[in-house]
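Quantities reported herein were computed from a predicted structural model and do not represent experimental measurements. What you see below is based on every heavy atom in this structure, not just the backbone, and it leaves out hydrogens, waters and symmetry mates.
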Amino acid sequence: MPGPLRAGSFPLTGGTLMARSGPPIRLLQNWPAKLAAAPMILTALVVFIGCSLWTVVHSFTNSRLLPRLDFVGLAQYERLWSTPRWQVSIENLAIYGICALVLTLAIGFLLAVLLDQKIRFEDGFRTIILFPYALSFIVTGVVWQWILNPDFGLQHIVRGMGFSGFSFDPLNDPNLVILALLAAGIWQGAGLTTVIMLAGLRGIDEDVWKASRVDGIPAWKTYLFIILPMMKPVFATCVVLISAGIIKLYDLVVALTRGGPGIASEVPAKYVYDYMFGNQNLGQGFAASTMMLAAVLAIIIPFALFRMGRKRHV
């Protein structure tokens, strides 16, 4: 027979053993899923973060045809911001970015409101509006190059209608070429914004509309003062998507204007490509791409903090 238990001693049970062993290691929890995600995590760490850091480090070097760790401090950045071509690129990006962001949001929201009226053939209209987004920027640039060509495009059509004095050739006008880029970019990007806005409108509770109708509030005031504030997350998503597309604008410029006439439609992404692969000046290209990376982070980080703040308050 077992001897009597001493005072203060108790038999160890399964629960006691688990309590003494402590909580399981969090790193080993759900390990199959973490193992499956390991390649993606490694890709993100090596390709995205690693290559970005490598680019930033070499932007402080005098790399030419091949990268080399010949540090020159901020010389590449001083040369970058003193180059007229880079200054024109930043100015064009600022003009294009502000106009494209505002007009794409406005047009996308207005089209979403129209589609939200339960109109007939809504599926067909939604497909037509979204179709330009399915095209690449190269195709979009070629299409708008045809439309704006003075020999067989819009100018030719209007003159054929009897207006022989009509002149519209923005691709060869330094003062109007940015409008051609805007028209092509908004034509392609407004469809996605419309669909996202429409999804946000369809997510509004029907009781909100019923209450506004009972109170006799006009529809335009309901959209302006009630619906818009409720769609802040939708607008934030659209702003991030549009802004990312604006910063990396390249292929539309190459297909539509090739940066011309002269350097009137140059953008930072084309500057980076030309200096890295055309002029064989990697250091200058790395410096310009680092400035573009800083612009992207300036957009993504506030958005991520905004989303994290919303999740904490939920």
Side-chain angles (χ1 to χ4, degrees), residues 83-115 119 121 124-194 197 220 242-243 245-271 273-274 278:
T83 303
R85 182 179 174 186
W86 175 256
Q87 296 173 4
V88 172
S89 300
I90 294 298
E91 182 180 350
N92 288 337
L93 187 66
I95 297 173
Y96 177 89
I98 294 173
C99 296
L101 183 62
V102 173
L103 293 176
T104 302
L105 289 174
I107 294 173
F109 182 73
L110 291 176
L111 291 175
V113 169
L114 294 176
L115 291 175
I119 61 176
F121 309 112
F125 285 118
R126 191 166 61 237
T127 301
I128 293 173
I129 292 173
L130 190 60
F131 176 75
Y133 184 76
L135 304 176
S136 69
F137 269 121
I138 294 295
V139 176
T140 300
V142 173
V143 169
W144 278 87
Q145 194 177 59
W146 292 343
I147 294 174
L148 299 176
N149 191 295
D151 295 328
F152 48 84
L154 184 62
Q155 175 178 296
H156 176 75
I157 294 174
V158 174
R159 287 184 176 181
M161 297 171 61
F163 300 93
S164 57
F166 179 79
S167 177
F168 185 69
D169 187 13
L171 297 182
N172 295 313
D173 189 340
N175 297 319
L176 297 178
V177 68
I178 196 69
L179 297 180
L181 291 174
L182 271 173
I186 294 173
W187 178 77
Q188 188 189 46
L192 178 64
T193 305
T194 300
M197 295 285 187
W220 67 272
I242 297 170
S243 301
I246 290 170
I247 292 174
K248 63 181 183 181
L249 178 67
Y250 170 75
D251 37 7
L252 179 62
V253 175
V254 172
L256 186 58
T257 66
R258 299 187 182 276
I263 59 172
S265 60
E266 286 286 340
V267 290
K270 188 174 181 298
Y271 182 95
Y273 184 89
D274 289 345

Inset, instruction - Return the minimal non-hydrogen interatomic distance between Ala255 and Gln145, and the atom names on each side. - result: O-NE2, 3.4 Å
Inset, instruction - Would you give the length of the straight line joining atom CG of Leu103 to atom CD1 of Ile186, rounded to the nearest 0.5 angstrom? - result: 4.0 Å
Inset, instruction - Give, for atom OG1 of Thr257 and atom CD of Glu266, the distance between the pair rounded to the nearest 0.5 Å. - result: 8.0 Å
Legend entry - Backbone of Pro261 reached by a side-chain donor or acceptor of Asn172 within 3.5 Å: no
Inset, instruction - For residues Leu252 and Tyr96, determine if any side-chain heavy atom of one lies less than 4.5 Å from a side-chain heavy atom of the other. - result: yes
Legend entry - Heavy-atom side-chain proximity of Leu182 to Cys99 below 4.5 angstrom: yes
Inset, instruction - Taking all non-hydrogen atoms of both residues into account, name the closest pair between Thr193 and Gly108 and its distance. - result: CG2-CA, 4.1 Å
Legend entry - Side-chain donor or acceptor of Ser265 paired with backbone N/O of Gly260 under 3.5 Å: yes
Inset, instruction - Would you mind reporting whether Val253 and Leu181 have side-chain heavy atoms less than 4.5 Å apart? - result: yes
Legend entry - side chain to side chain contact (heavy atoms under 4.5 Å, CB included) partner of Ile246, chosen from Val267, Leu93, Ile98: Leu93
Legend entry - Heavy-atom donor-acceptor pair, Gln188 side chain to Leu135 backbone, under 3.5 Å: yes
Legend entry - CD1-CD1 distance between Ile95 and Ile178, expressed to the nearest 0.5 angstrom: 6.0 Å
Inset, instruction - Mind checking the CG-CG spacing from Asp169 to Asn149? Nearest 0.5 Å is all I need. - result: 7.5 Å
Inset, instruction - Of all the heavy-atom pairs spanning Thr140 and Ala184, show the shortest one and how long it is. - result: CG2-O, 3.7 Å
Inset, instruction - Kindly give the heavy-atom pair with the smallest separation between Tyr271 and Ser89, and that separation in Å. - result: CB-OG, 4.4 Å
Legend entry - Side-chain (Gln155) to main-chain (Phe168) donor-acceptor, under 3.5 angstrom: yes
Legend entry - Close side-chain approach of Val158 to Leu154, heavy-atom, < 4.5 Å: yes
Inset, instruction - Could you tell me whether Phe166 atom CZ has more than 12 heavy atoms of other residues or ligands within 6.0 Å of it? - result: yes
Inset, instruction - Can you measure from OG1 (Thr194) to CZ (Phe109) and round to the nearest 0.5 angstrom? - result: 11.0 Å
Inset, instruction - Fit a plane to each ring of Tyr250 and Tyr273, take the angle between them on a 0 to 90° scale, and name the class: parallel (under 30°), tilted (30 to 60°) or perpendicular (over 60°). - result: tilted
Inset, instruction - Indicate the atoms forming the closest heavy-atom contact of Ile263 with Asn92, along with that distance. - result: O-ND2, 4.1 Å
Legend entry - Nearest non-hydrogen partners of Leu256 and Gly141, listed with the distance: CD1-O, 3.4 Å
Inset, instruction - Give a yes or no on whether the backbone of Ile138 and the side-chain of Asp251 come within a donor-acceptor separation of less than 3.5 Å. - result: no
Legend entry - Nearest-0.5 Å distance that lies between atom CH2 in Trp187 and atom CD1 in Ile129: 13.0 Å
Inset, instruction - For the residue pair Met197 and Leu105, establish whether any side-chain heavy-atom pair is separated by less than 4.5 Å. - result: yes
